[in-house]
Amino acid sequence: RWVEVDIAFAGLTPQVAAVRAGGVRLHGSWHDGRLRLGELDRFRDPDSTAPFSLPDMLVSLADARLTLDTDAGRMGMQIDGDGNLQSGFKGRLAAAMPRGTLAGCGLSQASAMVNIAMQQGQPHLSGPVRADALACRDAGAAIARPAATIDLTLGKALDRWAGHVDLSGQAFRGGGMVLASPSGRIDFDGMAARTTGQLRLDAAALTGRGALLRNAALSGEWAVGKDMTSFKGDLGGQDLRLSGRDPLARLRSASAGTPVAPLAIRLADAVERAGQSNRVKTSFALVQKQGAGSLAITDAALDARSGARL
């Protein structure tokens with residue numbers, strides 16, 4: 001482990017101009033939007049009341065390790081790279097968080113291997129991120145085995161974020177629905193108090209409310225805040241049918257031996273044929289607030305090869 005420091009003078013005032021380090025181990029914290037980096041805080045003005053910003057200096061890091069305690073949980077990081085911390089630094093960041101919780105969401109066994117670049121005081125991160133599971137209790141949503149490629153820009157004070165995520169997973173559950181093998185893109189912009197964005201999500205199948213839909217496609221606008229979560233968009237797919245081995249068997253058996261049996265059988269057969277080849281599309285708005293939710297469905301349409309239309 002070694003550290004080299006270059007000192008420069010601005011007039012008669014000495015300043016740290018550059019730091020080179022290899023194998024260093026640091027411990028820091030990030031609580032209530034305030035980042036502390038242990039020994040590195042000596043390079044900042046202790047009396048300054050300005051929002052957090054990285055120091056204006058050249059840095060070269062090799063196998064630098066940082067353990068960071070945050071409001072979400074403990075994170076371990078390894079950083080390699082060089083350049084000016086204000087603008088020009090480029091490197092590689094490996095991170096791991098066994099368990100994290102933030103804003104009503106929980107994350108388990110998360111890891112990342114991303115490129116990091118400083119641009120005008122703003123960190124830019126890009127690369128793959130994985131986890132065993134991600135769940136947001138307040139929003140009633142969860143995804144198993146999420147894998148993402150992020151493109152994220154943070155604010156100078158690390159209190160804002162904007163970018164997009166190309167996301168895939170084993171299964172997604174939310175709003176009473178389950179999506180099999182979901183994949184898509186999420187765009188976002190905001191801060192802790194409120195973040196908004198757009199979503200496009202495709203899935204091999206969607207099940208919920210006793211129905212199944214193949215090749216489902218979900219798109220729309222979303223917002224997550226401290227008091228409310230909302231989504232407004234469109235849902236489409238094909239081969240919508242009732243789930244279960246034979247969901248119409250009860251209708252057939254219940255009418256057996258009665259005068260309406262022929263009509264019930266024809267109705268069941270028509271519904272079954274309509275579910276074999278159809279396309280469906282609907283618009284909806286979902287709002288979750290203070291533990292209660294509401295769902296409004298509009299412009300629902302079904303067009304089946306059998307001729308059935310809704």
Side-chain angles (χ1 to χ4, degrees), residues 67-68 70-78 92-116 125-154 161-190 195-224 229-231 233-239 243 286 288 293:
T67 300
L68 190 66
T70 75
D71 294 329
R74 174 167 289 190
M75 180 187 303
M77 292 181 282
Q78 177 184 340
R92 191 78 166 163
L93 170 67
M97 176 179 277
R99 189 172 299 276
T101 57
L102 184 66
C105 295
L107 190 67
S108 65
Q109 299 302 324
S111 63
M113 181 67 74
V114 299
N115 296 315
I116 181 170
L125 306 174
S126 60
V129 178
R130 296 179 179 274
D132 280 356
L134 170 64
C136 297
R137 183 179 57 187
D138 295 342
I143 183 168
R145 301 286 183 183
T149 299
I150 67 169
D151 190 308
L152 165 67
T153 298
L154 297 171
W161 38 80
H164 67 266
V165 176
D166 294 318
L167 179 69
S168 64
Q170 191 177 79
F172 172 83
R173 174 179 56 81
M177 301 181 297
V178 176
L179 280 73
S181 303
S183 64
R185 174 170 169 149
I186 302 174
D187 295 275
F188 55 88
D189 187 0
T195 299
T196 62
Q198 296 181 329
L199 177 144
R200 188 197 73 247
L201 195 62
D202 300 321
L206 180 152
T207 58
R209 313 295 183 187
L212 183 146
L213 181 67
R214 287 199 313 113
N215 298 330
L218 176 67
S219 63
E221 300 178 348
W222 59 272
V224 176
T229 300
S230 65
F231 183 88
D234 301 311
L235 173 65
Q238 64 187 60
D239 298 343
S243 59
L286 174 67
Q288 189 94 12

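Hydrogens, waters and symmetry mates play no part in the numbers below; they use all other heavy atoms, side chains included. Predicted model only: the values in this text are computed from it and were never measured.
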Please report the closest heavy-atom contact between Leu201 and Pro182, naming both atoms and the distance. CD1-CB, 4.1 Å
With sequence neighbours excluded, what pairs up with Trp161 under the side-chain hydrogen bond (donor to acceptor under 3.5 Å, both in side chains) test? Thr195
Taking side-chain hydrogen bond (donor to acceptor under 3.5 Å, both in side chains) as the test, write out the residues that go with Asp234, two or more places apart. Ser283
Would you give the length of the straight line joining atom OG of Ser183 to atom CZ of Arg185, rounded to the nearest 0.5 angstrom? 13.5 Å
Please report the interatomic distance CD1(Ile143) to CG(Leu179), rounded to the nearest 0.5 Å. 9.0 Å
Return yes when atom CZ of Arg92 has more than 12 non-hydrogen atoms of other residues, nucleotides or ligands closer than 6.0 Å, and no otherwise. yes
List in chain and number order the residues that pass salt bridge (charged side-chain N to carboxylate O under 4.0 Å, His left out) with Arg214, two or more places apart in sequence or in another chain; answer none if no residue qualifies. Asp239
So which atom in Ala135 and which in Ala142 form the shortest heavy-atom distance, rounded to 0.1 Å? CB-CB, 3.8 Å
Could you tell me whether the side chain of Trp222 reaches within less than 4.5 Å of the side chain of Ile186, counting heavy atoms only? yes
Among Thr153, Asn115, Val114, find the one that has a side chain to side chain contact (heavy atoms under 4.5 Å, CB included) with Ser126. Asn115
Those residues that, when tested against Ala162, pass side-chain contact (heavy atoms from CB on, under 4.5 Å) (two or more places apart): Asp189
Could you check Leu125 against Ile150 for side chain to side chain contact (heavy atoms under 4.5 Å, CB included), going step by step and ending with a plain yes or no? CA-CA 7 Å; Leu125 306 174; Ile150 67 169; 4.3 Å; yes
So Met77 and Leu93, do their side chains get closer than 4.5 Å, heavy atoms only? yes
For the CG atom of Leu213 and the CG atom of Leu235, what is their distance to the nearest 0.5 Å? 6.0 Å
Which residues pass the side-chain hydrogen bond (donor to acceptor under 3.5 Å, both in side chains) test with Arg74, sequence neighbours left out? Asp69
Nearest heavy-atom contact between Ala216 and Leu206 is CB-CB, 3.8 Å
So, using side-chain contact (heavy atoms from CB on, under 4.5 Å) as the criterion, who are the partners of Gln109 when residues are at least two apart? Pro98, Asp132
Considering only distance and modelled atom types, tabulate donor-acceptor pairs under 3.5 Å from the side chains of residues 165-173, sequence neighbours left out.
none

Sequence neighbours excluded, the answer for ring pair (Phe, Tyr, Trp, His ring centres under 6.0 Å) partners of Phe188 is none
Sequence neighbours excluded - salt bridge (charged side-chain N to carboxylate O under 4.0 Å, His left out) pairs with any residue from residues 197-207: none
By side-chain contact (heavy atoms from CB on, under 4.5 Å) - contacts of Thr70 (at least two apart): Trp30, Leu68, Ala72, Met97
